[in-house]
Number of protein chains: 2
Amino acid sequence: MSANRRISIAVIRRLPRYYRYLGELLENDIKRISSKELSERMGVTASQIRQDLNNFGGFGQQGYGYNVEYLYKEIAKILGLNNKYKVIIVGVGNLGQALANYVKFEQRGFELCGLFDVNPRLIGMTIRGIEVKDIDEMESFVKENKIDVAYLTLPKSKVRKVAEDLASWGVKGLWNFSPVDLDLSSDVVVEDVHLSDSLMTLSYRINRQMQLKEAQTKKSNK
Amino acid sequence: MSANRRISIAVIRRLPRYYRYLGELLENDIKRISSKELSERMGVTASQIRQDLNNFGGFGQQGYGYNVEYLYKEIAKILGLNNKYKVIIVGVGNLGQALANYVKFEQRGFELCGLFDVNPRLIGMTIRGIEVKDIDEMESFVKENKIDVAYLTLPKSKVRKVAEDLASWGVKGLWNFSPVDLDLSSDVVVEDVHLSDSLMTLSYRINRQMQLKEAQTKKSNK
DNA sequence: AAAACTATGTTTAAATTATAACATTTACTT
DNA sequence: AAGTAAATGTTATAATTTAAACATAGTTTT
């Protein structure tokens, strides 16, 4: 297993889910778990769990299974949850404020350091002891405080420019909530949360479900 | 092409993105587009675009390409964006409030009808003219108003029970923001937005990126 | 009006991803 | 202590997904 073999993004996106389930097991004082039992709880195949984990190393023991606490910590390491990231939020509208108040993210190492907006009515306000600053002050703030990550919760018309600026100032990751694809030249990582896309998918699936249901009742009625 | 052949969720999740790009083309008064040009703009293959669309029908014309406005409307139909859904939000904390204020969702057919919480300090408050009600009133409200969809923005400890109730009251879709997997027996559709998972993925990718960068500079320095 | 070109829809091939199978090691039981 | 059962890590197979190839229909140009 070459350390630098690229691991599929699908695998990565399953890790947080494993992590969540292991956390629950821990809370219930369950010390060990087999891939089989975990697979039944999670609704995936045991084979997939074993394969996914073995991308990163052999964390289990034959005949025994996995030690829950150990595996939990190892996944945290893989995901880099022991690292600390200094965060700013750009755009302190409703969503920005909501994210600012989410304490859980801090537990994952994402420490909120700054809030920025253009709206004079928001500037000066404080959330969890942090003052909302004018976006004009952002450049010096980011550079001086070595900000790692920015949550982008500003209108889509402005997000591209802001993203480019942040990237050029050395920010490593962007959590993008705008319905825009940011294709930045530099090696900054962009993680999108396209709420609108998600809602459209929900719409499709509801319709699909209703069609299926209709077809079923029709079938059983003839 | 059988009308009832199940279409992969990966395809479905690409549709909103196509829709977004087509919307932008429309705004720029671009009347027609070929799969090739769209593929270049979007950073996907032309083949994939054609294949994806052909799951639902032949919307293009050989030698010409796709009529932007027509395709835009067809994708809206596929996604069910012409339908109207009556929505309630359960849990009017920061995130719930943020979603309540998002007007864009209304444009997609998701009409906010009710807000519910257990917190007495929130009950009675209004957002966009809608009063926050006690969660005890939810059952009759959902049944009387034939609510289709609920946004779940309440603490994870309570979300399972609420989801089961809503499902039993005939709600068709749940937009779940809690870090919990809702496996409901009924045929209600659950669309998850696991923000915490997304953030962990960002964490992984930032680390990965930094490792790559380090390896690069090391290489070029020897 | 004919020829050259464009670009779809569809078929075929390649690549990727997921599942199953299995050999081996460890744990547990009698 | 020996034998049986359990469960991993890994290899092989199957399924799915993506990309390429291509035949055909339609458009544009001369």
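Numbers restart at 1 for each chain; the letters A, B, ... are given by sequence-line order, proteins then strands.
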What is the separation between atom [atom1] on [X] and atom [atom2] on [N], rounded to the nearest whole Å?
| X | N | atom1 | atom2 | answer |
| --- | --- | --- | --- | --- |
| A/Ile49 | D/dT10 | CD1 | P | 17 Å |
| A/Lys36 | D/dA6 | NZ | P | 9 Å |
| B/Asp52 | D/dT17 | CG | P | 11 Å |
| A/Ile33 | D/dT8 | CD1 | C1' | 14 Å |
| B/Ile9 | D/dT18 | CD1 | P | 12 Å |
| B/Tyr66 | D/dG26 | OH | P | 14 Å |
| A/Leu53 | D/dA7 | CG | P | 16 Å |

(Q) OP1 or OP2 of D/dA20 versus the side-chain N and O atoms of B/Ser47: is any pair under 4.0 Å? (A)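 False: B/Ser47 side-chain N/O out of range (4.0 Å or more) of D/dA20 OP1/OP2.
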Q. Does B/Gln61 put a side-chain nitrogen or oxygen below 4.0 Å from OP1 or OP2 of D/dA25?
A.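 B/Gln61 to D/dA25 OP1/OP2: no side-chain N or O under 4.0 Å.
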Q: Tell me which of B/Arg32 and B/Gln51 sits closer to the 5' end of DNA chain C, going by the nucleotide each one is nearest to.
A: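 That would be B/Arg32.
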Q: Please report the C-alpha distance between B/Met42 and B/Tyr18 in whole Å, then the side-chain angles of each, then the deciding distance to 0.1 Å, and finally whether the side-chain contact (heavy atoms from CB on, under 4.5 Å) criterion is met.
A: CA-CA 8 Å; B/Met42 295 188 65; B/Tyr18 295 143; 3.5 Å; yes
Q: For the pair A/Glu164 and A/Lys161, find out whether any cationic side-chain nitrogen is under 4.0 Å from an anionic carboxylate oxygen.
A: no
Q.
Ignoring hydrogens, what is the shortest heavy-atom contact between A/Val193 and B/Ser198? Give both atom names and the distance.
A.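 Scanning both residues, the minimum pair turns out to be CG2-OG, 3.6 Å.
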Q: With DNA chain D as reference, determine whether B/Arg50 or B/Tyr64 sits nearer its 5' end, using the nearest nucleotide of each.
A: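 Its nearest nucleotide being more 5', the pick is B/Arg50.
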Q: Please tell me which of the listed nucleotides, D/dT10, D/dC22, D/dT28, lies nearest to the side chain of A/Asn54?
A: D/dT10
Q | Side-chain touch B/Val180/B/Arg160, heavy atoms, less than 4.5 angstrom | A |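 In contact.
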Q: Tell me, with the steps shown, if A/Ser203 and B/Tyr85 meet side chain to side chain donor-acceptor pair (under 3.5 Å).
A: CA-CA 9 Å; A/Ser203 173; B/Tyr85 306 94; 2.9 Å; yes
Q | Aromatic plane relationship, A/Phe105 with A/Tyr102 - under 30° parallel, 30 to 60° tilted, over 60° perpendicular | A | parallel
Q.
Can you classify the ring geometry of B/Tyr151 versus B/Phe110 as parallel (below 30°), tilted (30 to 60°) or perpendicular (above 60°)?
A. tilted
Q. At under 4.0 Å between heavy atoms, what does B/Ser34 touch on the DNA or RNA strands: base, sugar-phosphate, or nothing?
A. sugar-phosphate
(Q) At a heavy-atom distance below 4.0 Å, which nucleotide of DNA chain C is the first touched by chain A, and which is the last? (A)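 Span of nucleotides near chain A: C/dT17 to C/dC28.
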